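Structure first, commentary second.
Below, chains carry the letters A, B, ... as their sequence lines are ordered, and counting in each starts from 1. Not measured: the values here are computed from a predicted model.
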Amino acid sequence: MKTLTSINPVFVIVVVMVGAIPLLLSGTEINPVLLIASLMVAATPLLIAAIGELVVEKAGVLNLGVEGMMIVGAIAGFAISVETGSALVGALAAIVAGALLSLLFAFLTQFALANQVASGLALTLFGLGLSALMGQSYVGIRPPAMAKLDLPVISDLPVVGPILFSHDPILYVGIGLCAAVWGLLKFSRAGLVLRAVGENHDAAHALGYHVIRVRVLAIMFGGACAGLGGAYISLIRVPQWTEGMTAGIGWIALALVVFASWKPWRVLLGAYLFGGINVLQLNLQAAGIAIPVEYLAMSPYLITILVLVIMSADKSGAPASLGRSFHASQ
Amino acid sequence: MKFTKLLATAAVAMGLATTAMADKTKVGFVYVGPVGDGGWTYEHDQGRKAVVEAFGDDVETVYVESVPEGPDAERVMTQMALDGADLIFTTSFGYMDQTINVAKKFPDVKFEHATGYKTAPNVSVYSARFYEGRAVQGHIAGKMTKSNIIGYIASFPIPEVIRGINSAYIHAKKVNPDVEFKIVWAYTWFDPAKEADAAKALIEQGADVILQHTDSTAPQAAAQAAGNVVTFGQASDMSEYAPFPRVSSIIDNWGPYYVARTKAVMDGTWESVSTWDGIGAGMVGIGEISDAVPADVKAEAEALRDALADGTYHAFTGPLNKADGSAWLAEGETADDGTLAGMNFYVEGINAEIPN
C-alpha cells in the first residue's frame with residue numbers, strides 16, 4: 001500500500017506527459033521516433049555522470065568536482081581517440097582520466113581531511129583549466145566515429161529499431177550502469193557496506209569495515225563515470241572539442257542526484273526527463289508550436305524538478321554521513 | 001612579528017612595483033565564453049592580441065573568460081578597475097547594466113561596452129553591423145536551400161539577434177520566394193551540446209541550411225554529420241569546416257578598433273563615442289565563399305557584399321512591412337539607425353513570435 005501511494009502521483013504525471021506528446025506533435029513535422037532516439041543521446045552524459053556521483057554520495061562523500069572531471073574526460077577521450085583512431089579506446093582513456101583526477105580529490109579529502117566542498121570546487125576549476133591546456137591543439141578536429149549497434153533485421157525494424165537497437169554502445173553502458181548500481185546497492189553485500197559507510201561511518205568502522213578504502217573506491221568510480229559522461233559529449237553528442245564544452249552538465253548531474261533522492265532509477269528518469277524535454281522543446285520551437293518560447297526554454301528544469309520533488313515526498317533523505325570527514329581516531 | 005614584517009616588506013615592494021608599472025596602460029577584457037570557443041570570444045581575444053602586438057611593452061592586458069552575464073560580471077569589472085585597469089572592454093550585450101554601474105564607481109577608468117546602447121561620460125559603446133553580413137548569408141542560403149527550409153539557431157531575443165534574423169530572411173526571400181525560416185531560441189551564447197541539439201532538431205525537421213547566432217562550432221559538426229546541410233561560420237571564420245558544410249562566414253574584426261581606443265587612452269584623447277561599423281570599415285568581414293557554392297551565386301553574393309561596403313545598398317531597404325502587416329519602409333526608403341538599434345519586430349513573412 002505504501003509503495004502504491006508513493007508511486008501514484010508519478011505514474012499520473014508520466015501518463016499525462018506521454019499522452020501529451022503525441023497531441024503536441026500532431027500536425028507538426030516532428031518525427032516522434034527520431035525525437036525519442038535523440039533524447040536518449042541527449043540524456044546519456046547526464047545519466048552516466050549522475051550515476052557515478054550517486055555512488056560517491058551513497059558512500060558519504062560530496063564531490064562537487066563532477067564538472068571538472070567531465071571536461072577532463074571529454075578532452076582526454078577526444079585526444080586519445082584522435083591519436084589512436086578508435087573512439088572506444090578514447091572512451092576507455094576518458095574513464096581512466098576521470099578516475100585519476102578524482103584520486104586527487106580522494107587524497108585531499110580522505111587522507112589530508114580537507115573540506116569536501118572546497119576540494120570539489122577546486123577540482124572543477126582545476127579540471128576546466130587543465131582541459132583547456134590539454135585541448136589547445138585539438139580544436140577543429142573531427143574525432144573518429146563510434147560504430148553504432150547494427151543488428152541484422154532488428155535494427156531495421158520500424159519504430160523500435162531506431163529507438164532501441166541502433167545507438168552507440170556507450171548509451172547502453174549508461175543504462176546498464178544504472179541497473180548494475182541499483183542491483184549492487186540493493187542486493188549485494190558490497191552495496192550494504194557502501195551504504196553503511198555512507199550512513200554512519202563510525203559504526204561501519206567499529207564493525208571492521210575500511211571506511212577510507214570504500215570511499216576512495218567510490219570516488220574513483222564517480223570519477224570514471226564523470227569522465228565517460230564527458231567523453232560522450234565530445235565524441236558522440238557534439239562531436240568535437242571546444243573549451244568549456246560541458247557547459248554546466250556536471251552541476252545539473254549533482255542537482256539531479258539530490259532531486260532523485262539518491263535512487264538510481266529516479267536518476268535515470270530524471271536524466272531522460274531533462275534530456276528529453278530539452279530536445280522536445282527545441283523541436284517544438286522549430287516546429288513553430290504556439291507555446292511561448294520562454295516557457296519552453298525553462299520547461300526542462302521546471303518539469304524535472306517538479307516530478308522528482310513530488311516523487312521524493314516519501315521522505316527518503318540524504319546519506320547521514322554525507323560530506324563529513326572520517327578519521328579512525330575520532 | 002616576523003610575519004608582519006614580511007607582509008610590510010611585501011606591501012612596500014608591491015607599492016614600488018605599482019609605481020614602476022604606472023607608465024604602462026592596463027587594458028582589461030571581460031569575455032562571455034572561453035577564448036577557445038572558436039567564435040565570438042575567440043575573435044575578441046584576437047583583438048586583444050592585436051593591442052599587445054601594436055604597443056608591446058607599453059601596454060599590459062588582462063582578461064577574464066567565461067564570465068556569466070549578471071552580478072558576477074560586476075564583480076569581475078570592479079576587480080579589474082581596482083587592479084589599476086585604465087580601459088576595460090566588456091564584450092557581451094548582457095554586461096550592459098553592470099558596465100554602467102561599475103563605470104559610475106570608477107569615473108577615471110574608461111569602459112567600452114560591445115553591442116549595447118547605454119553610454120556614460122566614461123562609457124563608449126561599439127558594435128559591428130553584423131546584419132550586413134547576414135544579408136550576404138541570406139542571399140547564399142536562399143540560393144542553396146533545396147527543401148526551402150532554413151534553420152536559425154538564435155541566442156537571446158535582443159535587437160542584435162532580431163536584426164540578423166530579419167536581414168537574413170529579407171535577402172533569402174528576395175532570391176527564393178518559397179523560403180521558410182524555422183527559428184530556435186537556445187537561450188545561451190555558448191553551450192555546444194545544446195547548440196548541437198538545436199541544429200539536429202532543425203535538420204530533422206527538414207532544414208538544409210543552418211544559420212547560427214551562438215558562439216561555438218557545434219552546429220557545424222552536426223551539419224557535417226548530417227552530410228547535406230549548409231552552414232556559415234559565425235563571428236569567426238570556422239574554416240576548419242570549409243569548404244562544406246561551412247560555405248562562408250561572418251568574421252568579427254575587433255583588432256583595429258581596440259588598438260585605436262587603447263591609443264586614445266594613452267594619448268589622453270579618449271572620449272565617449274558610439275561606434276557602429278560594418279563591412280565598409282572592415283569591422284565585419286565576409287569569410288571566403290567556398291567552391292561548394294555555384295560560381296554565379298558566389299559572384300552575386302560578392303557583388304552584394306561590395307554594394308553594402310561602399311554604401312550604395314542598405315540591407316534594410318523598402319518596401320518592407322512588419323510581421324503584423326503594418327507598413328515600415330516605403331519603396332526605396334532605408335532604415336534609420338535608431339530603429340535598427342532597438343529592433344523588436346520581425347519583418348513580414350517570418351511566421352513566428354519573438355519571445356519577451
Proximal component of B:Ala352, with respect to chain A [non-hydrogen, under 4.5 Å]: neither
Where B:Ile203 and B:Ala222 come nearest, the two heavy atoms and their spacing: CD1-O, 4.1 Å
Shortest non-hydrogen separation from A:Gly68 to A:Leu101 and the atoms involved: O-CD2, 3.9 Å
B:Tyr241, part contacting chain A, at a heavy-atom distance under 4.5 Å: side chain
Atom group of A:Pro292 that falls short of 4.5 Å from chain B, counting heavy atoms: neither
B:Thr217 portion near chain A, given a 4.5 angstrom heavy-atom threshold: both
Greatest number of heavy atom pairs closer than 4.5 Å to chain A - which of B:Gly33, B:Pro219, B:Ala221: B:Ala221
Among the listed options A:Gln240, A:Gln281, A:Arg142, A:Met245, the residue most often paired with chain B at heavy-atom distances under 4.5 Å: A:Gln240
Which of B:Phe181, B:Trp185, B:Tyr187 touches chain A most, by non-hydrogen pairs under 4.5 Å: B:Trp185
B:Asn351 atom CG, over 12 foreign heavy atoms within 6.0 Å: no
B:Ala154 to B:Thr214 - nearest heavy-atom pair and separation: O-CG2, 4.3 Å
Ring centroid separation B:Tyr31 to B:Trp40 under 6.0 Å: no
CD/B:Glu53: more than 12 non-hydrogen atoms of other groups inside 6.0 Å: no
Contact winner vs chain B - A:Ala247, A:Ala145, A:Ser38, A:Ala286, heavy-atom pairs under 4.5 Å: A:Ala286
Region of A:Asn283 in contact with chain B, defined by heavy-atom distances below 4.5 Å: both
B:Glu65 versus chain A, the contacting section by heavy-atom distance below 4.5 Å: side chain
Under 4.5 Å from any heavy atom of chain A - which part of B:Ala196: side chain
More than 12 heavy atoms from other groups under 6.0 Å of CD on B:Glu353: no
